[in-house]
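Letters A, B, ... are given to chains in the order of the sequence lines, protein chains preceding strands, and every chain is numbered from 1.
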4 protein chains.
Amino acid sequence: MTNDRPKRGRPRSHTSREAILGAVRHRLLADGYLRLTIEAVAAEAGVSKATIYRWWKTKGELVLEAAEGDISIGLVPETNDPRADVEAAIHQLVDTFSRPLASIVIFAAIATGESDPVMAQIFRDRYVYPWRVSAAAAMVRALPEDRSEASEVQFLLDVIVGTVFQRTLVLREPNTVGLKGRLMSVIFPI
Amino acid sequence: MTNDRPKRGRPRSHTSREAILGAVRHRLLADGYLRLTIEAVAAEAGVSKATIYRWWKTKGELVLEAAEGDISIGLVPETNDPRADVEAAIHQLVDTFSRPLASIVIFAAIATGESDPVMAQIFRDRYVYPWRVSAAAAMVRALPEDRSEASEVQFLLDVIVGTVFQRTLVLREPNTVGLKGRLMSVIFPI
Amino acid sequence: MTNDRPKRGRPRSHTSREAILGAVRHRLLADGYLRLTIEAVAAEAGVSKATIYRWWKTKGELVLEAAEGDISIGLVPETNDPRADVEAAIHQLVDTFSRPLASIVIFAAIATGESDPVMAQIFRDRYVYPWRVSAAAAMVRALPEDRSEASEVQFLLDVIVGTVFQRTLVLREPNTVGLKGRLMSVIFPI
Amino acid sequence: MTNDRPKRGRPRSHTSREAILGAVRHRLLADGYLRLTIEAVAAEAGVSKATIYRWWKTKGELVLEAAEGDISIGLVPETNDPRADVEAAIHQLVDTFSRPLASIVIFAAIATGESDPVMAQIFRDRYVYPWRVSAAAAMVRALPEDRSEASEVQFLLDVIVGTVFQRTLVLREPNTVGLKGRLMSVIFPI
DNA sequence: ACTTAAGCGAGACGGTACGTCTCGTCTTAAC
DNA sequence: GTTAAGACGAGACGTACCGTCTCGCTTAAGT
């Protein structure tokens with residue numbers, strides 16, 4: 001993230017950078033990830049294709065950077081109420097997956113994992129893993145000792161992520177009312 | 001599916017049909033869905049591109065037909081033991097999602113929903129909905145009355161499908177040991 | 001020149017071939033050889049770039065074929081009057097070099113010899129050598145025995161070609177009146 | 001050639017000027033004129049592209065200046081032996097056209113006349129015309145009165161230049177033995 | 001057997017986008 | 001005030017597939 005390039009030469013233009021990322025966002029919302037072309041982004045941003053390729057190696061990197069603010073999910077809080085922390089984790093997930101830009105890009109990062117492993121890798125390293133680690137910690141705190149082994153915690157995270165993914169990105173169900181509560185009851189019965 | 005073309009003229013060649021579908025399967029396993037090109041299929045099958053386009057309108061239809069046997073999930077059984085039926089439903093899901101060809105094609109059907117809605121639609125109508133209807137019936141039978149309202153049943157199906165999808169297709173975790181049991185405990189606590 | 005391709009497949013379109021060659025001629029006359037781009041030819045001909053690249057490997061080949069009729073210089077006649085034959089040879093040269101399209105393409109074939117040796121080679125093999133052979137024969141017939149050794153004949157051909165080239169292509173002197181007569185006096189004094 | 005820039009500020013670096021011209025010479029000999037790029041010259045000279053563009057408007061000017069010493073042909077001498085002067089003129093031509101760097105640059109100056117008229121113009125004004133004027137004077141002195149009209153003299157100069165050009169630059173014939181003598185016999189028969 | 005209608009291979013075609021290249025200009029910080 | 005470094009817009013390069021379109025041949029069902 002930090003830019004350790006030498007300070008010589010013409011500095012990178014913030015104008016064109018913003019124009020590019022703005023055009024990417026616009027085209028993503030208009031056409032989706034698969035139909036987004038570098039050529040169209042360059043044209044809309046009033047920028048040369050070479051400028052895009054100079055700074056982003058692949059469409060995936062470009063799109064991840066353009067949607068960074070929307071995708072960013074943060075860490076699960078660590079309060080005195082562990083169940084509330086888990087609930088917050090679910091909320092973060094539902095909230096992020098519900099943003100138009102984020103839903104497109106997250107879906108693309110997963111869907112193109114096969115053909116663009118770099119994008120999938122960056123996505124995992126930058127957003128999925130950190131969240132999962134803090135969510136797992138919250139889960140351990142919230143569960144009784146006899147349910148808090150690693151494999152059970154990972155399973156419950158998969159239940160949460162899988163269910164939210166299924167609802168919001170696969171079925172494209174915008175109504176998430178009750179989803180959080182139902183997930184909580186399924187994780188913490190009684 | 002039924003072929004209402006006039007019976008005159010040279011009949012459709014079964015040889016080339018099989019060669020095409022075989023080539024599709026081979027290319028899917030070798031390159032994946034996104035990297036599969038009609039051109040490569042035609043070349044490998046020793047067939048003209050026009051022949052492919054004559055019989056399949058889109059890459060999606062072609063791929064779904066090529067993987068039909070592997071994708072087919074069937075209906076959830078209806079025995080005297082409703083919990084066993086639900087368990088069977090989960091098993092069908094895990095089993096199908098674990099087949100190499102099926103995992104590629106199911107993933108593609110979901111992933112390209114944005115840009116190829118026809119493929120997603122066919123996939124849903126032909127495989128997802130029938131299974132979900134019978135799985136929902138099994139679930140209703142297995143649940144106590146106070147949990148068997150439609151929205152709760154649909155939610156539990158999303159938990160099952162989402163979790164299995166997450167494990168097998170997103171995380172590409174081939175080890176599904178314990179998955180079935182854990183899902184059952186989450187759906188039927190105590 | 002003869003087309004020994006197999007008769008299978010869709011036949012080559014004469015329409016697009018003519019459109020391409022016509023566009024090449026137009027662009028050559030408008031912009032010259034160096035400024036001619038394949039992209040502009042494709043656009044003007046209403047043709048895809050791939051169609052041009054399918055049939056012509058290089059800009060040089062394309063241009064030589066487009067100007068074929070204008071460049072073609074033919075062979076030097078072989079009559080009973082050898083001096084008249086030499087005069088005819090000079091006339092062919094002046095005449096060909098004076099045609100707008102031919103002058104552009106011949107100049108290009110020579111000028112780009114350094115960077116496009118293929119074009120120069122085709123040009124030499126197809127037009128220069130045959131003409132030179134027949135011109136040398138006429139020269140041998142026209143000269144007294146003591147001047148008709150090979151090196152002298154080649155020198156005289158270089159005088160003819162060089163002078164005409166200098167006048168028409170380097171100095172771009174369209175007025176060629178007297179040129180033929182003066183060359184004849186220089187070659188055949190007395 | 002003279003540098004009329006203001007005398008204030010950092011003076012033009014002779015070091016980089018020489019580095020640039022040296023790199024141009026090297027690249028000309030290695031790759032030829034058409035394949036020479038400003039980018040490669042800058043890289044080889046350890047100089048910024050902007051520095052080159054600041055001092056030379058076009059590739060043509062740059063190349064002409066880099067090859068100045070080699071191209072320079074001087075004036076035809078004016079002795080008591082006019083035929084010897086003409087012979088000296090031919091010798092200057094053959095000699096200059098035979099130098100590797102000069103042959104590349106002279107050829108380029110003529111060949112790119114179509115697309116870079118400035119280079120052709122500078123070349124003509126600086127080298128061709130002065131030599132032609134003095135060569136024409138020598139020719140007038142050497143010829144009998146009845147052959148020394150302007151158009152005949154210009155024609156004979158075209159014969160000389162054209163023939164030498166043809167031999168050395170078009171046919172790339174390094175063997176110029178006999179060429180001078182033959183040209184003399186053709187210009188001065190008997 | 002003869003006709004006729006489709007199936008089929010080969011492959012040409014107009015498009016669109018790719019990712020690369022070089023051009024000549026512009027913008028900094030360093031000297 | 002010039003320089004090296006190097007970002008930039010422009011635009012052509014040659015390639016890859018797309019989905020469509022001829023062709024001339026092959027294959028059977030209907031005559």
*Checking A:R12 against A:W55: charged group under 6.0 Å from the ring centre and within 45 degrees of the axis?*
yes
Which pairs, protein N/O on one side and nucleotides 8-10 of chain E N/O on the other, fall under 3.5 Å?
unit_1 : atom_1 : unit_2 : atom_2 : d
E:dC8  : OP1    : B:S13  : N      : 2.4
E:dC8  : OP1    : B:S16  : OG     : 3.4
E:dC8  : OP2    : B:W55  : NE1    : 2.7
E:dG9  : OP2    : B:S48  : N      : 3.1
E:dG9  : OP2    : B:T51  : OG1    : 2.7
E:dA10 : N7     : B:S48  : OG     : 3.3
E:dA10 : N3     : C:R10  : N      : 3.4

Taken to the nearest whole Å, CG/A:L36 to C1'/E:dC18 is 13 Å
note: C:I20, atom CD1; E:dA12, atom P; distance rounded to Å ~ 13 Å
note: C:R27, atom CZ; F:dA12, atom C1'; distance rounded to Å ~ 14 Å
Within the side chain of B:T58, is there an N or O that forms a donor-acceptor pair under 3.5 Å with the backbone of B:E61? yes
Taken to the nearest whole Å, CG/C:L62 to P/F:dG14 is 11 Å
Has the side chain of C:E65 got a donor or acceptor atom that lies under 3.5 Å from a matching backbone atom of C:L21?
-> no
### Task
Verify side-chain contact (heavy atoms from CB on, under 4.5 Å) between A:R25 and A:D70, making sure each step is shown before the conclusion.
CA-CA 11 Å; A:R25 282 186 281 267; A:D70 277 41; over 6 Å; no
Would you call B:I106 and B:Y127 a side-chain contact if the rule is heavy atoms closer than 4.5 Å? no
The helix from E:dT3-F:dA29 to E:dC31-F:dG1: angle between terminal helix axes, five bp per end, to the nearest 10 degrees, reads 10°
In whole angstroms, the gap separating P of E:dA17 from CD1 of A:I52 amounts to 13 Å
To the nearest angstrom, the CG-C1' distance between A:L34 and E:dC18 comes to 16 Å
Separation of E:dT22 atom P from D:D31 atom CG, nearest Å, is 11 Å
Nearest-nucleotide check on DNA chain F, D:E39 vs B:K57; residue mapping nearer the 5' end is D:E39
Distance col, row B:D31:CG vs B:H26:NE2, nearest 0.5 angstrom, shows 8.5 Å
When A:R27, A:K49, A:K59 are each screened for salt bridge (Lys or Arg N to Asp or Glu O under 4.0 Å) with A:E39, the one that passes is A:K49
To the nearest angstrom, the CH2-C1' distance between D:W56 and E:dC23 comes to 18 Å
Quick note, D:Y53 side chain, CB onward, closest among F:dT15, F:dA12, E:dC23 is E:dC23
In terms of heavy-atom contacts, A:A111 and B:F107 come closest through O-CE2, 3.4 Å
**Asked** A:W56 and A:I38: side-chain contact (heavy atoms from CB on, under 4.5 Å), yes or no, with the steps?
**Response** CA-CA 11 Å; A:W56 295 277; A:I38 301 289; over 6 Å; no
